[in-house]
Every structure is written in structure tokens, then in C-alpha cells.
Amino acid sequence: MNDSLFQKNLAALPSSLADAVQNPPNTMNALDLNSKNSETKISYELTKSKTGDPTLELDGVWIHSRFDPKKEAERFATELPHDGSERIYLLFGAGLGYIIPFLMERKNITTIWMEPNSFFIRESFRIFDFSKSFLEGKLILITGEGMEDQLSEAVKGKGTHPISFVPHRGSWQWKEDEYLRLKYTAEQMFHKKDVNLATLTRFEKIWAKNICYNLPELSKFRPVSDLFGIAKEISIVVCGAGPSLSESIPEIIKFRKQFLLLAVDTAVPILTSFGAEPDLIFSVDPQALNSQYLEDYSGEAILVFDPTSTYISLRLEKGPNKGFVTSSPFPLIGLLERTGSDEIGSVPFGGSVSTNAASLATLMGAKSVYLVGQDLSFTKGLAHSKGAVLEERLNYLESRKFRREKHNYKQLFALPRKQVKGNQEEIYITNEKMLIFKKWFEDHAKENPWINLTRFGAKLEGIPHSEFSNEFSNDAFETKNQTNLVQSVRNQIHSLLQNEISFFNQDQLVSEIKSTTEALLDFVTTVKRGLTVSRRIYNQIQKNQINPKTFSEDIKQMDSIDEQVSGKKGLNEILSLGIQRVILTITEGYDDHLSVEEKENAQLGVAKKSLLLYEGLYESVRTTKRMLIKSLYRML
């Protein structure tokens, strides 16, 4: 075997990946923390095939042909789709790597090799020279810890390339569970990416609008960091609005005094209709419909509000209008953050308001955090709990041709249906979106004191399942003690909002908004010039009427404008929220904005992306400026 070849291949890898190949951790740690598999337990010896090429037998399974491993790999490679267009082959194992050289011969192909057993990689590195393919990015190796993150990085910029899943037969016959887990990891990553993309493109402009319009009201809120560590001696019940919530209401009411109740906004009408009053209400949804969960609320609960949540919620005649604001990953929140006397505080999120609420309960320091109404499935054929606003609105929409059952049916089938096991091994129907939330809870279970009290629905691996009667006391003395502790925390929370000294400086916020709108007014001139020049360049290429002199001048002018625009980092970050789809078109390869002609003509495609960027920036500058001015008028 060739050690110099081995070192050459290693040198072509990033140092962290090279280290994972040479010094692997527990084999499957990257995929399953409970796995006990270890490479140190695997003993093997390469043998020669009939053709003299190395092959390998493990536990009675031949990883490659005993006769001609190269011929076997070539035959399999010819079965893979290849029409000359851009494509990704995602290999779930490759044994000693015999198939890879055949794939490297193909144009426009990127091969991603996922391999949990690094001894295969080490042996293949002594047989084949992959160094050039690694350096050119035609071959990408994924191994060690964080495989899902590695895969997400590997497909960046290739968002529209078709992907072929390629399982290696010998490896799967030897350790099917390990390689099947690779496939599940890949499916999870791609589904999550699709959902995140759909969310970004659907809500990008709404998020920007909500942050701008929420600024006047949020300047009167307290930072969510005030709540961190406040509930160290008590329990918090985090209430979602899953289908089984209504069945948990009697127990919530029975033990209500023994815990702080943190409800997502969608659960509020259900709770209050049964007389279960929440202490805190978490709102993160940007859609205007969500304000209807709060519009008739007249209780004492305090709002925990994400800046991107619908601005209508803060302008209701009734409803909670005081509370705590969270930080946001979007740069627009910087206008508010810079006027605060300290950090606002960030709450981890997993894509749904329930994940935010569970994270907040942990940050509040609760000794135990209980999840209820967290079905993550269509329990008993329902899409949402009985009594939810969406259901009540159907009272006004029902007709002979549109019944609430039809609406529920449409929600059940909006996404492909999947099956998931419950706590008693029963089977529930769910979908990809809810499975992402399920995975988020499971991934964060180890560092969070969560206990699942949800009556029915999906089992959350790593999170104990229990019942209210097992977690809360019927003893009068203990009940009284817990009641007093909870009331003390409740009083502390309410007292925070009575602080006469505002956390945010409203005069400074007015100044921040004014200076930003002035900067945008100046910036729009540069962006408009960029739009004009980029359009001119695009038209010349499209019509094939390039005048060398004027085209060269346009390119130089475009370079100068690009430099000016990129120098406005703060403004670009603010404006980027409203043009995520354009950014993804440029950075991730989501080129559905490009015509067939633009995809085939690389020069025209580049010109179109430049044009799209400046069109997006121009629109974002104008709308952001207009929205900020409206908020400014409301503060003056």
C-alpha cells in the first residue's frame, strides 16, 4: 500500500477532516449519541481479488467483488443517471472507493462521499489518488462529527442540482443500520433546507414590515433578559396548541397553582375558554391571522414578543399590550438594540413558537419544564386543538360546499404524510414540517430539563414522558408551598413592568430611525445607478450587441458601484431581510429566476444575477425607507 499517496490525499483535505480520518472518534457519534459501535472493535485484513486488486471481507460479507472490484464498480456507475447537466451523486458509503474514479471522469458531476467508518477512507487513500478531485471540489468527503452540518455546507450553491442517492451495496450488507442512518440524516437535512427556504421566501417581506412597524410599541417593552433565571425554584408548563390540548385542560386546571403557565399564542383562546389563565404568552408568528388569537383576550397574562411577529397584535383594542421583547437575528432590530441600556436577550428557536417557548422556560431557570399540547402529529385526525381560532373562524366560512371537515382534511394533506410512533408504540400521522420540530426537541433534550406531559401524539426521544398526577402534588402542605413560590415569581415578573425607567431610550430610537432613513435616501441614488448600468449590460449581452468601448466602460462603472454598495455594510444587512430569495439565487444556486437561455449562457446568467440584485436592493431601499418613516411619524 502507498503511504505517500495516503499523505497526498490527506493534504488535500481541510485539517479538521484530515484529523477525523486519522483519529476517528467513536464511529457513530456523529449520527447517534447512544451508539456503542467503535472502529477499534473492527478487525480486518485486505485480500487480493482474482484480478490482483485489493478487496475486503467483513463478518462474512464481501465489501467488493472477490473477482474484479473495478469491473463491479464500473458496471454500477453506468447505471447512475448522467445527461451532461449539473448533478450531485451522494454516496452512502463507498467501501474502498472503487466507484469514485469512474464518477470523476464525468463532467458537471459533484460527488459527496458520506462515510461513518473511516478505516474505509484510510485504505482507499492508499489505493487511489483523490487529491486533485478534493482540491477542485469535484469530490467532497463527509465523516466524523456533525455530518448534517457538513452536508449542508457541501450542497451550498448547488440548490437546484438534481441529487442521486447512491448506497454502496457491500457496505449496506455489512452494516445496514449505520448506512441507513446516513440516508435519514441526508433526508432530514434536505427537508429542513426546503422548509427553511419556503419560510424565507414566503415571509421575508412580512418580517421586515413587522419589525419596522413594531418599533414604536416595542420601545415601551422590557427586554426578555429580565426573565432569565427568575424561576429557579418553580416549575413551568409550556403549553402548545396540539390536538390533544383540550384533553389535558382538566389536569392543567387541577394543578394550576403549582406552576407558571407559559402558553403559545395559538393556545390562549383554548385555555381561557376553560378558565385556565396563562401567566406568559409567547408570540412569534408574522401572519396577521395570529393577532386573532389575542384580540379578545382581557386577562393579566404578559406578552413575550418576537420583533417579527405581526404588528397588528400590538395595536388591538383588547389583548395584552405590555411585555417583554426578544432579540432577533435580523439586523433591523439593531435600531432598537442600540437604544437599550443592556442586552435584549436571545431565545433559541427551532422554527415554531413552541420551540421558542420551551427554550425560554429553560432560560428562566425553571427546576422542571413540562411540555403539554405538543403532539407534533395529527392526533385523532385533527390538525389543531378543538376551540382553536382557525376552527372557530370556520363558523363564518362554512357553507354547503365548504365544511370544517374539508378544511381539516386539506390541512392533513397539505404536505406528504409520514408515520411516527407514540409513547405507547401507537402510530400517528404527521408530516415533514412537524418532524423537523420533533427533531429539534430531541436534539436539545440533553441540555434541557424537559418532561413531556402531552396526552397523545409523537414520542419525543430523550425526553421523559409522564402525567400531571405523577409530577404535581396532592398534598395540601406541598401544594401551598409551591403556590407561594409560583406567586412570588409571578409578582416579580409583574413588578419588572412597573419600572418607571424605560429600558429603551425613545429619543435615541427616533434619532436612529431618522439617520437610517436619511442614509437610505442617499443610498437609493447609488442603487438606482447600479440598476440602470446592470440593465444596460444585460441588454447588450442578451441582444449580442456589445460595443467593446461602451461595454468596457459599463463594466468599470459597475465595479465602482459594486464597491460603493458593498462598502455600506450596515445598510446592506438591514436591506437583506427583504431580498432573501434574490440572495439565495446568487449564493445557493436557486436559479428559478433564470430563464433557460440565461442558464445556458454563463455570461448572460451572471449579468441577470447582477440585475436581480440591484432590482431587489432598489425595491428594498424604497419599502424599508417608507416603513421606517411611517413608524417615525407614530413616535413624534
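We find that Glu442 and Lys438 are joined by a salt bridge, their nearest charged nitrogen and carboxylate oxygen being less than 4.0 Å apart.
Between Trp174 and Tyr179, the two ring planes are tilted [angle within 30° to 60°]. Ring planes of Phe259 and Phe468: tilted class, angle from 30 to 60°. Below 30°, between 30° and 60°, or above 60°: for Phe130 and Phe128 the angle between ring planes is below 30°, a parallel geometry.
In this model, a donor atom of one side chain and an acceptor atom of the other lie less than 3.5 Å apart for Glu178 and Asn117. Side-chain atoms of Thr430 and Arg417 form no donor-acceptor pair, as typed in the model, at a separation below 3.5 Å. Residues Ser118 and Arg122 have side chains that bring a donor and an acceptor to within less than 3.5 angstrom of each other. Trp450 and Thr362 form a side-chain donor-acceptor contact under 3.5 Å, judged by distance and modelled atom types alone. For the residue pair Thr454 and Asp375, no side-chain donor N or O sits within less than 3.5 Å of a side-chain acceptor on the partner.
Applying the salt bridge (charged side-chain N to carboxylate O under 4.0 Å, His left out) test to Glu79 and every residue at least two apart in sequence or in another chain returns nothing. Residues satisfying the side-chain contact (heavy atoms from CB on, under 4.5 Å) criterion with Ser49, sequence neighbours excluded, are Thr51, Asp53, Thr55, Pro69. Not a single side chain to side chain donor-acceptor pair (under 3.5 Å) links Gln22 to another residue, sequence neighbours left out. With sequence neighbours excluded, no residue forms a ring pair (Phe, Tyr, Trp, His ring centres under 6.0 Å) with Phe228. The salt bridge (charged side-chain N to carboxylate O under 4.0 Å, His left out) search around Glu471 returns none, not counting sequence neighbours. Asp306 pairs by the side chain to side chain donor-acceptor pair (under 3.5 Å) definition with Thr308, not counting sequence neighbours. Lys71 meets the salt bridge (charged side-chain N to carboxylate O under 4.0 Å, His left out) test with no other residue; sequence neighbours excluded. For Arg75, there are no salt bridge (charged side-chain N to carboxylate O under 4.0 Å, His left out) partners, not counting sequence neighbours. Under the side chain to side chain donor-acceptor pair (under 3.5 Å) criterion, Asp68 pairs with no residue, sequence neighbours left out. Applying the ring pair (Phe, Tyr, Trp, His ring centres under 6.0 Å) criterion to Phe76, with sequence neighbours excluded, gives no partner residue. Among residues two or more places apart in sequence or in another chain, the side chain to side chain donor-acceptor pair (under 3.5 Å) test is passed with Ser131 by Asp129.
Among residue pairs with one or both ends in residues 99-110, those qualifying as side chain to side chain donor-acceptor pair (under 3.5 Å) are Tyr89-Arg106; sequence neighbours excluded.
Phe330 places a side-chain heavy atom less than 4.5 Å from the side chain of Trp207. Tyr98 places none of its side-chain heavy atoms less than 4.5 Å from the side chain of Ser124.
Of the inter-residue distances, the one linking Met434 atom CE with Ser377 atom OG reads 6.5 Å to the nearest 0.5 angstrom.
Partner of Glu72 under the salt bridge (charged side-chain N to carboxylate O under 4.0 Å, His left out) criterion, out of Arg169, Lys50, Arg66: Arg169 alone. Under the side-chain contact (heavy atoms from CB on, under 4.5 Å) rule, Val166 has a single partner from Leu103, Leu80, Ile112, which is Leu80. Partner of Pro348 under the side-chain contact (heavy atoms from CB on, under 4.5 Å) criterion, chosen from Leu363, Asn356, Leu360, Thr355: Leu363.
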Checklist entry - Should Asn601 and Gln603 be marked as a side-chain hydrogen bond (donor to acceptor under 3.5 Å, both in side chains) after you check the CA-CA gap, both sets of side-chain angles, and the distance that decides it? => result CA-CA 6 Å; Asn601 185 334; Gln603 194 179 30; 5.6 Å; no

